[in-house]
Amino acid sequence: MDRKHRRDFLKLCAASVPALLFANAGTAEQTKQGPGAAENAYRTPGSLERYLDPLPIPKRLQPHGTHKGKTQYRVRMLEFQQQLHSQLPPTKLWGYEGQYPGPIFEAQQGTPIEVRWENHLPLQHLFTIDPHVHGAMTPTPAVRTVPHLHGSRSESESDGLPEKWFTPRHSALYHYPNSQPATTLWYHDHAVGVTRLNVYAGLSGLFLLRDRTEQSMNLPSGDHEIPLILQDRTLDDRGQLAYAPTMDDAIALPPGVWGPMFFGELPVANGAIYPYLNVEPRPYRIRLLNGCNSRFLNLYFNLAKLVTDIPSLVAVHQIGSDGGFLPAPVRLEKFLMGPAERADLILDFSGLEGKTVTLCNDASAPYPGWNVMNATWPEIDEFVQFRVVLPVTSKNSFSMPAQMAFSKLDASQAIVTRDFVLSEQMDAQGRSIGLRINGKSYDDPVTEKVKLNSTEKWRFINTSDDAHPMHLHLVQFQIVERQGFNVPAMLKGKLELVGARRLPAANEAGWKDTAVVNPGDVLTIIVRFEGYTGRYVFHCHMLEHEDNDMMRPYEVVPVEVQATKG
């Protein structure tokens, strides 16, 4: 779609609701055998050798003590330096407990914990702040943080609401009940107006919740359970982080000016650029997170030597999604992950002795792919390499379960259906200046009040040409269906569904807290609002989008209070 037609389309859709680009990093060389082969001299980011350094495994966080009978953790947000590749100088970063990504929490269902989050960051931000973005206007301090445990069912006071930020030399005590089934959660900063910058600086990490069901499944564990956070970053010629968002025509912006998308030029896995991992010929469990700001990932495991060769795919089984185990394992050769989505995978290296498996990506940027004036963004085609070179250290007794315990929500129990139109605000040149939900910004009054323990359907109607990964705080939900809509009718403010109803893919049929809404689609989810009353938010998890108003508050109210339909 050219810029003019895109501009006209988006303007009309908006009216229907209430008012550093480098070439692809790395080389094709993939024959280095370890960190000993690194040269002494530093290289520029665009000339780094691939698969020179081992994949880092984040440390497990240890308790700091107890408080009123609860295990308590202390987590400090610090500025530090860390080498992202052995051919680069150390990079200045922000991270939890002085590491990027942050340490891994390991918690048990039914055992609540407390976390003292402490801000020890400097008073100056790593990046220039755009004072025109909501929540970031003068005199708001540049450095402020608020941690959000993404996917957790927690009280509003411990949810990490965007406006509940605190500044350096201050802290907050959060309570996590851990009342959910076993799953892969993650934690990251959520401060209003600077979420994209704080997460990009390094403030993210995994939170693994265990339960007895999981422990009875004899899943690969210990060294055979691999946490894997995938992100993209751009570095300047000195090896330092460069945050360089663009407009939707790929035109670079001056430092400190908000842009609707960011696509880094280098792949980062667990804080390392192009790392490798030596593995045994046996099943592994991989706890995967797409932690990118804006980049969608369509991932596959590839036996081909080069990404430009004809792929030789290694099938993987997905056993869990954002909120826990799927009803049954799903065999996949490729799988799409929007920002913030997680996948719990079983990858079996049995029979692949001596071979190399590369985790590759072929999702376009932006996703699902559109072209404005032949603009191009950095593509990332590989992340990490697995070398099947280790001997088996213990007997492998794992067998893939046929099915797993799962409770399906009944869509007929929904007491209300709410519609949310996703739209993009455009300037006279057809460039994005912000995004909205139902034409409203984050600071507009709450319009959604839902009853505690009620079930609702929410429909997200995407009138933009980006896919949006929509995330709800507090709850896990289930996808009901996707369907197209009549654009001319929508331009007149009427939602008219067209085409066939499309049920969720098998690996989306479990509990989710983030789901992709494709352009021209209506995504319907079913949600039960359990746990707590209070204020929460829902938003697009493209961080550039949520920072410039594709985020709205909602309230969970006691049953005796009448909920109003938005």
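If you're wondering where the values come from, they're calculated on a predicted model, not measured in any experiment. All residue numbers in this chain count up from 1 along the given sequence.
- Side chain of Glu424 to main chain of Ser464: no donor-acceptor pair is present (N/O by atom type, distance under 3.5 Å, no hydrogens or angles).
- In this structure, Phe105 and Tyr187 have perpendicular ring planes: the angle between them is above 60°, well past the 30° mark.
- For the pair Gln83 (side chain) and Leu88 (backbone), a donor-acceptor distance under 3.5 Å is present.
- Formation of a donor-acceptor pair under 3.5 Å by the Gln478 side chain with backbone atoms of Ala509 is not found in this model.
- Side chains of Ile57 and Asn270 form a contact here, defined as non-hydrogen atoms less than 4.5 Å apart.
- A donor-acceptor distance shorter than 3.5 angstrom exists from the side chain of Asp232 to the backbone of Gly264, with no hydrogens or angles considered.
- When Val357, Asp362, Thr358 are each tested for a side-chain contact (heavy atoms from CB on, under 4.5 Å) with Cys360, only one passes: Thr358.
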Kindly indicate, with the supporting measurements, whether the criterion side chain to side chain donor-acceptor pair (under 3.5 Å) is fulfilled by Gln87 and Glu49. CA-CA 8 Å; Gln87 293 177 330; Glu49 295 184 51; 2.8 Å; yes

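- Residues Leu422 and Thr463 fail the side-chain proximity criterion, which asks for heavy atoms closer than 4.5 Å.
- For Asp309, the CG atom sits in a packed shell: over 12 heavy atoms of surrounding residues, nucleotides or ligands are nearer than 6.0 Å.
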The test is side chain to side chain contact (heavy atoms under 4.5 Å, CB included); show your working for Ile104 and Lys59 and say whether it passes.
CA-CA 6 Å; Ile104 296 175; Lys59 297 177 182 177; over 6 Å; no

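- Glu225 is listed as a side-chain neighbour of Arg287, based on a closest heavy-atom distance under 4.5 Å.
- Ring geometry for Trp511 versus Phe406: interplanar angle of 30 to 60°, hence tilted.
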TODO: Begin with the C-alpha distance, continue with both residues' side-chain angles, and end with the deciding distance and a verdict on side chain to side chain contact (heavy atoms under 4.5 Å, CB included) for His317 and Leu345.
DONE: CA-CA 6 Å; His317 285 84; Leu345 306 173; over 6 Å; no

Verify side chain to side chain contact (heavy atoms under 4.5 Å, CB included) between Ile525 and Leu472, making sure each step is shown before the conclusion. CA-CA 11 Å; Ile525 63 173; Leu472 278 66; 4.2 Å; yes

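- Distance alone, capped at 3.5 Å, is enough to place a donor-acceptor pair between the Asn290 side chain and the Met337 backbone.
- For Tyr200 and Phe127, the gap between ring centers is short of 6.0 Å.
- The aromatic rings of His468 and His545 sit tilted relative to each other, their planes meeting at an angle between 30° and 60°.
- Under the 30°/60° scheme for interplanar angles, the aromatic rings of His471 and His539 are found to stand perpendicular.
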For Thr44 and Ser47: C-alpha separation, side-chain torsions, deciding distance, then whether side chain to side chain donor-acceptor pair (under 3.5 Å) applies.
CA-CA 6 Å; Thr44 60; Ser47 64; 3.2 Å; yes

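- Salt bridge annotation for Arg233-Glu265: absent, with no cationic side-chain nitrogen under 4.0 angstrom from a carboxylate oxygen.
- At a threshold of 4.5 Å between non-hydrogen side-chain atoms, the residues Glu382 and Tyr51 count as touching.
- The closest side-chain heavy-atom distance from Leu230 to Leu297 is below 4.5 Å.
- In the displayed structure, Lys92 atom NZ is contacted under 6.0 Å by at most 12 heavy atoms of other residues, nucleotides or ligands.
- Glu481 has no carboxylate O lying under 4.0 Å from a charged side-chain N of Arg502, or vice versa, which leaves the two without a salt bridge.
- Of the possible polar contacts, none joining the Asp521 side chain to the Leu523 backbone as a donor-acceptor pair under 3.5 Å is found.
- Cation-pi geometry between Lys512 and Phe477 is not met: the NZ or CZ atom fails to fall both under 6.0 Å from the ring centre and inside 45° of the normal.
- The closest side-chain heavy-atom distance from Ile226 to Leu347 is not below 4.5 Å.
- Counting only distance, with no hydrogens or angles, the side chain of Asp322 and the backbone of Glu341 share no donor-acceptor pair below 3.5 Å.
- Checked by atom type and distance alone, the side chain of Gln318 pairs as donor or acceptor with a backbone atom of Gly320 at under 3.5 Å.
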Report task. Decide side chain to side chain donor-acceptor pair (under 3.5 Å) for Ser312 and Asn302; before the verdict, give the C-alpha distance in whole Å, the side-chain angles of both, and the deciding distance to 0.1 Å. Result -> CA-CA 5 Å; Ser312 176; Asn302 190 7; 5.5 Å; no

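- Tested against Tyr243 for a ring-ring contact (aromatic ring centres under 6.0 Å, His included), the candidates Trp258, Phe263, Phe262 yield a single pass: Phe262.
- Aromatic ring orientation, Phe349 versus Phe386: tilted (interplanar angle from 30° to 60°).
- Counting only distance, with no hydrogens or angles, the side chain of Thr91 and the backbone of Gly239 share a donor-acceptor pair below 3.5 Å.
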| request: Output, in order, the C-alpha distance, side-chain angles, deciding distance and verdict of side chain to side chain contact (heavy atoms under 4.5 Å, CB included) for Phe335 and Val316. | output: CA-CA 10 Å; Phe335 52 100; Val316 65; 3.9 Å; yes

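- The shortest distance between side-chain heavy atoms of Ser204 and Gln231 falls below 4.5 Å.
- Ring geometry for His188 versus His150: interplanar angle of 30 to 60°, hence tilted.
- Heavy atoms of other residues, nucleotides or ligands lying less than 6.0 angstrom from CZ of Arg501 number 12 at most.
- Of the possible donor and acceptor atoms, none in the side chain of Ser152 sits under 3.5 Å from a partner among the backbone N and O of Leu149.
- Checked for salt-bridge contact, Arg482 and Glu508 meet the test: a charged N lies under 4.0 Å from a carboxylate O.
- Residues Pro401 and Met217 meet the side-chain proximity criterion, which asks for heavy atoms closer than 4.5 Å.
- Judged by the 6.0 Å and 45° rule, Arg387 forms a cation-pi pair with Tyr276.
- At a threshold of 4.0 Å, the pair Glu353-Arg282 does not count as salt-bridged, since none of the basic side-chain nitrogens sits closer than that to a carboxylate oxygen.
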